[in-house]
Amino acid sequence: MRILIATSGRESAEPALEQGAYVAKKLKVKPTLLLVEERGQTDAAAALEAALARLAEFGVEAQPKLRRGRPADEIVAEVKEGEFDLLVIGEGRHPNLIERVFGHTAQKVLARMPCSVLMANAVRESFGRVLVCDSLASEGGLVRGFLEGFLGLLSEKRDVTILHVMSQMGAGPSVEGWELRANADELIQRKTIEGELITEDLERAEKSGKLKPIAKVRHGLVVDEIIEEMSEGAYDLLVLGAHRGEGWERFLLEDLAGEIVANSEVPVLVLPRKLADLSG
């Protein structure tokens, strides 16, 4: 696992440093700390040294990297050149580094990023309760992706809620009306297509040995239902991903990730399609 922590060098970048430090320690890796020197900036080297010292206070040694140019371009270039698996970025919710550097929403960074992105909207030293917002259309790919890439974030058996949102707008012609009101247990007991996919998700999570999975189905608009679940569930980590067969373009066209991230009060882990589409 190769981790890149991106910082602006400002005091408001503390969440990315702190969350990045906790993740690096949990995964037992030496991260790279990147600061992009923008035009007219004169204190970039000093800011990078200060950020390194801050990570050291958390007991984390990092490899420093200074690049010059537009932050969006340079962060993406560094991720690709260094073949990183995870980018940690964020300045808390107000202001949001994603918005300040990459634009009004998370579209640009997510669309261009070949690795997973952990957005430090807030900081959690450990992830006790995890919400995985899978799609029934992705056939469990997001759960597989999380297990494959990030199970090491959980040091002991943890609760994970696997949430599926069934929207009438996206329902196929074969979906009966009662299914758009059913809970997870009803879908499983009646062995619907959705119920079979939920069962596979639960079995896959249980086999990991580190997760205590709970299946949950909500009905309504995807963004609204995910935000509502987050507000009710006291989660420590939110996991999002792309939909199989649609990819990032469709996912981001609707800007689901951007809206959800903007409303999240916990760290958000966004998996790229290459993880969300894992099979087997």
What distance do Glu196 atom CD and Ile188 atom CD1 have between them, rounded to the nearest 0.5 Å?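 If we round to the nearest 0.5 Å, Glu196:CD and Ile188:CD1 are 9.0 Å apart.
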To the nearest 0.5 Å, how far apart are CE in Met230 and CG in Leu163?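 The CE atom of Met230 sits 11.0 Å away from the CG atom of Leu163.
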If I compare all heavy atoms of Ala16 with all of Ala6, which pair ends up nearest, and what's the gap?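 In this case the closest contact between Ala16 and Ala6 is CB-O, 3.9 Å.
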Rounded to the nearest 0.5 Å, what's the gap from OG on Ser8 to CD1 on Ile89? Could you check?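 The CD1 atom of Ile89 is 9.0 Å from OG of Ser8, to the nearest 0.5 Å.
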CD/Gln189 to CG/Leu187 distance, rounded to the nearest 0.5 angstrom?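 Rounded to the nearest 0.5 Å, the CD-CG separation comes out at 9.5 Å.
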Do Phe146 and Leu154 touch side chain to side chain, with heavy atoms closer than 4.5 Å?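 Yes, close enough: below the 4.5 Å cut-off.
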Working for side-chain contact (heavy atoms from CB on, under 4.5 Å), residues Leu4 and Thr32: CA-CA 5 Å; Leu4 178 67; Thr32 295; 3.7 Å; yes
Quick one: does Arg68's side chain get under 4.5 Å of Glu74's, heavy atoms only?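 Not in contact.
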Would you say that Leu17 contacts Leu33 through its side chain, given a criterion of any heavy-atom pair below 4.5 Å between the two side chains?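 In short, these two side chains touch, coming nearer than 4.5 Å.
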Between Asn183 and Glu186, is a side-chain contact (heavy atoms from CB on, under 4.5 Å) present by the stated rule, with each step listed? CA-CA 5 Å; Asn183 60 34; Glu186 291 172 327; 3.2 Å; yes
Closest non-hydrogen atom pair, Leu87 against Cys115: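 That would be N-SG, 3.8 Å.
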Answer yes or no: is there a side-chain heavy-atom contact under 4.5 Å between Leu237 and Arg124?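 Contact flag for Leu237/Arg124 side chains = no.
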Between OG on residue Ser264 and CG on residue Leu238, distance to nearest 0.5 Å: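 Reported to 0.5 Å precision, the distance equals 5.5 Å.
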Taking all atoms of both residues into account, what is the closest heavy-atom pair of Val23 and Leu86, and its distance?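 Looking at all heavy atoms of both residues, the closest pair is CG1-CD2, 3.9 Å.
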Could you tell me if the side chain of Leu151 sits less than 4.5 Å from the side chain of Leu211, heavy atoms only?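 They are in side-chain contact.
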Enter the distance from Ile5:CD1 to Leu35:CG here, rounded to the nearest 0.5 Å.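 Here the rounded value is 12.5 Å.
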If you define the side chain from C-beta out and look only at heavy atoms, does anything of Lys210 sit under 4.5 Å from Arg158?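 No - every pair of side-chain heavy atoms lies 4.5 Å or more apart.
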Which residues satisfy the salt bridge (Lys or Arg N to Asp or Glu O under 4.0 Å) test with Glu83, sequence neighbours excluded?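 Applying salt bridge (Lys or Arg N to Asp or Glu O under 4.0 Å) to Glu83 gives none.
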For a quick test of reading the model, state the closest non-hydrogen atom pair linking Ala120 to Gln19 and the distance between them.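 Residues Ala120 and Gln19, closest heavy atoms: CB-CB, 4.0 Å.
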Minimum heavy-atom distance Ser208-Ala205, with the two atoms named: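 Looks like OG-O, 2.6 Å.
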Side-chain atoms of residues 43-57: list all donor-acceptor pairs with protein atoms under 3.5 Å, sequence neighbours left out, distances to 0.1 Å.
residue	atom	partner	partner atom	Å
Arg54	NE	Glu14	OE1	3.2
Arg54	NE	Glu14	OE2	3.0
Arg54	NH1	Glu57	OE1	2.4
Arg54	NH2	Glu14	OE2	2.8

Honestly curious: do Val270 and Val165 fall in one hydrophobic cluster under the side-chain, below-4.5 Å linking rule?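 Same hydrophobic cluster.
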How far apart are the closest heavy atoms of Gln41 and Val36, and which atoms are they?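 Smallest interatomic distance, heavy atoms only, reads OE1-O, 3.6 Å.
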Under the rule for salt bridge (Lys or Arg N to Asp or Glu O under 4.0 Å), what residues qualify as partners of Lys26, not counting sequence neighbours?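 With neighbours one apart ignored, the set is empty.
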Non-neighbouring partners of Glu61 that pass salt bridge (Lys or Arg N to Asp or Glu O under 4.0 Å), sequence neighbours left out: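 Glu61 satisfies salt bridge (Lys or Arg N to Asp or Glu O under 4.0 Å) with Lys30 once adjacent residues are dropped.
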Would a single hydrophobic cluster contain both Val266 and Ile227, if residues Ile, Leu, Val, Met, Phe, Trp and Tyr are joined by side-chain heavy-atom contacts under 4.5 Å?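 Same cluster: Ile227 reaches Val266 through Ile, Leu, Val, Met, Phe, Trp or Tyr contacts under 4.5 Å.
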Could you check whether any side-chain heavy atom of Val239 comes within less than 4.5 Å of a side-chain heavy atom of Phe150, counting everything from C-beta outward?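 Of all side-chain heavy-atom pairs linking Phe150 with Val239, none is under 4.5 Å.
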Identify, with sequence neighbours excluded, every residue that meets salt bridge (Lys or Arg N to Asp or Glu O under 4.0 Å) alongside Lys65.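 Testing Lys65 for salt bridge (Lys or Arg N to Asp or Glu O under 4.0 Å), a comparison that skips the adjacent residues, returns Glu78.
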Treating Ile, Leu, Val, Met, Phe, Trp and Tyr as nodes and any side-chain heavy-atom pair under 4.5 angstrom as an edge, say whether Leu153 and Ile3 lie in one connected cluster.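 Shared cluster, yes.
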Same hydrophobic cluster for Ile198 and Ile214, using side-chain heavy-atom links shorter than 4.5 Å among ILVMFWY?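 Ile198 does not cluster with Ile214.
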Any His164 side-chain heavy atom under 4.5 Å of Asp201 side chain: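 Yes, close enough: below the 4.5 Å cut-off.
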I'd like a table of donor-acceptor pairs (distance under 3.5 Å, sequence neighbours excluded) in which one partner is a side-chain atom from residues 125-133, with atom names and distances.
residue	atom	partner	partner atom	Å
Arg129	NE	Gly233	O	2.9
Arg129	NH2	Gly233	O	3.0

Common cluster, Val29/Leu269, ILVMFWY with side-chain heavy-atom separation under 4.5 Å: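 Both belong to a single hydrophobic cluster.
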Could you walk me through whether Asp85 and Arg2 pass the salt bridge (Lys or Arg N to Asp or Glu O under 4.0 Å) test, one step at a time? CA-CA 5 Å; Asp85 303 296; Arg2 290 178 55 78; 5.9 Å; no
